[in-house]
2 protein chains.
Amino acid sequence: MTDLCKCKQISDKEMQSIIQDMPDAGTMQNLADFFKVFGDFSRLKLLYFLSRTELCVADLSALANMQQSAVSHQLKILRLNRLVKTRKEGTVVYYSLDDMHIKNLFDLALEHLEEQK
Amino acid sequence: MTDLCKCKQISDKEMQSIIQDMPDAGTMQNLADFFKVFGDFSRLKLLYFLSRTELCVADLSALANMQQSAVSHQLKILRLNRLVKTRKEGTVVYYSLDDMHIKNLFDLALEHLEEQK
DNA sequence: CCTATATATGAATATATGTTCATATAATAA
DNA sequence: TTATTATATGAACATATATTCATATATAGG
């Protein structure tokens with residue numbers, strides 16, 4: 001790989017070291033997938049609402065101003081990524097955040113955006 | 001909007017309150033766009049390398065095992081999102097992280113992934 | 001000026017992704 | 001059972017996005 005580098009401003013040793021310390025490809029891919037989930041306006045809205053309180057699909061649909069079907073599809077993605085969990089009561093399914101780290105992520109990203117003004 | 005809600009497990013008052021506290025749509029969109037940048041394996045790799053040291057395009061290309069053109073395209077996205085900054089020396093362009101919050105984001109996300117095992 | 005090198009960029013392509021529509025499933029009530 | 005309601009899901013469609021290829025730009029050296 002290093003032989004492709006004609007610039008090579010850093011030594012092979014440094015390159016080796018950087019590559020060795022890197023999380024393995026699987027972890028990096030998981031990390032990218034994790035961020036990707038947050039990288040959508042609709043999902044971000046749903047997560048925000050759920051950060052406030054447990055909500056059923058219909059209420060989420062009303063709050064986010066999205067079709068019920070679209071909400072269900074996005075909730076499925078959030079569920080598969082274990083960001084939300086469900087509780088069923090009759091025909092109503094209640095969703096809530098599965099992990100409170102999520103709020104921290106929000107805050108950190110907002111902080112970053114604030115500093116850019 | 002609330003009249004679309006047939007489930008309405010929460011009161012109109014609660015809905016109003018949740019919606020009023022929500023960051024405005026522009027901010028939410030910015031937040032989504034911000035996360036979207038991290039939601040790609042290639043960009044995440046580039047950001048990781050840059051979190052270690054300042055690097056030129058050719059070295060990034062070698063480290064990430066990506067074509068030079070692909071690297072340039074992705075670096076442009078990172079630049080437009082002000083995640084990296086550049087320094088030019090002759091024909092060589094050096095890239096580095098523009099903000100150290102990024103490392104915190106990495107760590108927080110990794111922490112989240114760790115807990116899911 | 002001409003050549004070589006590092007980087008940037010536009011167009012084309014392939015793939016991924018979000019929404020909609022129609023419909024299926026599950027649970028409850030009559 | 002039948003009807004109703006809440007939610008889930010598959011297919012189709014439109015859009016977004018990452019990569020590649022070819023080429024442009026910029027800088028340095030001869």
Side-chain angles (χ1 to χ4, degrees), chain A residues 2-10 28-29 32-47 49-50 54-81 84-96, chain B residues 2-10 28-29 32-47 49-50 54-81 84-96:
Chain A
T2 52
D3 53 287
L4 292 176
C5 174
K6 292 164 186 167
C7 177
K8 209 183 282 190
Q9 301 292 338
I10 64 169
M28 288 293 275
Q29 186 62 64
D33 292 341
F34 178 72
F35 280 121
K36 196 177 298 186
V37 179
F38 290 89
D40 177 79
F41 183 55
S42 299
R43 282 193 295 269
L44 213 53
K45 272 193 296 185
L46 296 177
L47 287 172
F49 295 133
L50 294 175
E54 177 188 67
L55 287 161
C56 69
V57 177
D59 284 352
L60 279 170
S61 172
L63 282 165
N65 200 25
M66 291 169 64
Q67 291 206 341
Q68 174 267 318
S69 173
V71 172
S72 278
H73 279 298
Q74 296 304 340
L75 286 173
K76 184 175 189 176
I77 293 175
L78 295 176
R79 225 184 321 121
L80 289 176
N81 283 275
V84 300
K85 57 176 188 272
T86 62
R87 178 174 71 82
K88 202 164 186 176
E89 217 173 84
T91 58
V92 179
V93 178
Y94 291 94
Y95 281 79
S96 57
Chain B
T2 51
D3 54 287
L4 292 176
C5 176
K6 292 166 186 165
C7 177
K8 210 182 283 193
Q9 300 292 339
I10 65 170
M28 289 293 275
Q29 186 62 63
D33 291 342
F34 178 72
F35 280 121
K36 195 176 297 185
V37 179
F38 290 88
D40 177 79
F41 183 56
S42 298
R43 281 193 295 269
L44 213 54
K45 272 194 295 184
L46 296 178
L47 287 173
F49 295 132
L50 294 174
E54 177 189 66
L55 287 162
C56 69
V57 177
D59 284 351
L60 279 170
S61 172
L63 282 165
N65 200 26
M66 290 169 65
Q67 291 205 340
Q68 175 267 318
S69 174
V71 172
S72 278
H73 279 297
Q74 296 304 339
L75 285 173
K76 182 175 191 176
I77 293 175
L78 295 176
R79 224 184 322 120
L80 289 176
N81 282 275
V84 300
K85 57 175 188 274
T86 61
R87 177 173 72 82
K88 201 165 187 176
E89 217 173 85
T91 58
V92 179
V93 179
Y94 290 94
Y95 281 79
S96 57

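Hydrogens, waters and symmetry mates play no part in the numbers below; they use all other heavy atoms, side chains included. Letters A, B, ... mirror the listed sequences (proteins, then strands); counts begin at 1. This structure is a prediction, so every number in the text was calculated from the model and none was measured.
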Those residues that, when tested against B:Gln29, pass side-chain hydrogen bond (donor to acceptor under 3.5 Å, both in side chains) (two or more places apart): B:Asp33
- prompt: For the pair made of CG in B:Leu60 and P in C:dA6, what is the distance, rounded to whole Å?
  reply: 14 Å
Give me the distances for all protein-to-nucleotides 26-30 of chain C N/O pairs that come in under 3.5 Å?
none

- prompt: Looking only at atom types and distance, does a side-chain atom of B:Ser61 sit under 3.5 Å from a main-chain N or O of B:Met66, one as donor and one as acceptor?
  reply: yes
- prompt: B:Leu55 versus B:Leu46: any side-chain heavy-atom pair under 4.5 Å?
  reply: no
- request: Taking ring-ring contact (aromatic ring centres under 6.0 Å, His included) as the test, write out the residues that go with B:Phe34, two or more places apart.
  value: A:His112, B:Phe38
- prompt: Which atom names give the shortest non-hydrogen contact between B:Leu63 and B:Phe49, and what distance separates them?
  reply: O-CZ, 3.6 Å
Rounded distance in Å - CG (B:Leu75) to C1' (C:dA6): 13 Å
- request: Grab the CG-P distance between B:Leu80 and C:dA8 for me, whole Å please.
  value: 12 Å
query: How close or far is atom P of C:dG18 from atom CG of B:Asp33, stated in whole angstroms?
result: 13 Å
Under 3.5 Å, sequence neighbours excluded: what are the donor-acceptor pairs made by side chains of residues 70-78 of chain B?
residue : atom : partner : partner atom : Å
B:Ser72 : OG   : B:Gln68 : NE2          : 3.1
B:Gln74 : OE1  : B:Arg43 : NH1          : 2.8

- request: List for me each residue that meets salt bridge (charged side-chain N to carboxylate O under 4.0 Å, His left out) alongside A:Arg87, sequence neighbours excluded, and say none if there are none.
  value: A:Glu54, A:Glu89
query: Does A:Ile10 offer a backbone N or O that forms a donor-acceptor pair with the side chain of B:Asp59 under 3.5 Å?
result: yes
query: Would you say B:Lys76 reaches C:dT9's phosphate, i.e. side-chain N/O to OP1/OP2 under 4.0 Å?
result: yes
- prompt: Taking CZ from A:Phe38 and P from C:dG18, how many angstroms apart are they, rounded to a whole number?
  reply: 14 Å
- request: For A:Thr91, enumerate each residue passing the side-chain contact (heavy atoms from CB on, under 4.5 Å) test, keeping only those at least two apart in sequence or located in another chain.
  value: none
- line: Protein heavy-atom contacts under 4.0 Å, written 5' to 3' over nucleotides 18-24 of chain D as B (base), S (sugar-phosphate only) or - (none), form the string SSBBB--
- request: Please report, rounded to the nearest Å, how far the C1' atom of C:dT19 is from the CZ atom of A:Phe41.
  value: 15 Å
task: Check whether any side-chain N or O of B:Tyr95 sits under 4.0 Å from OP1 or OP2 of C:dA8, and answer yes or no.
output: yes
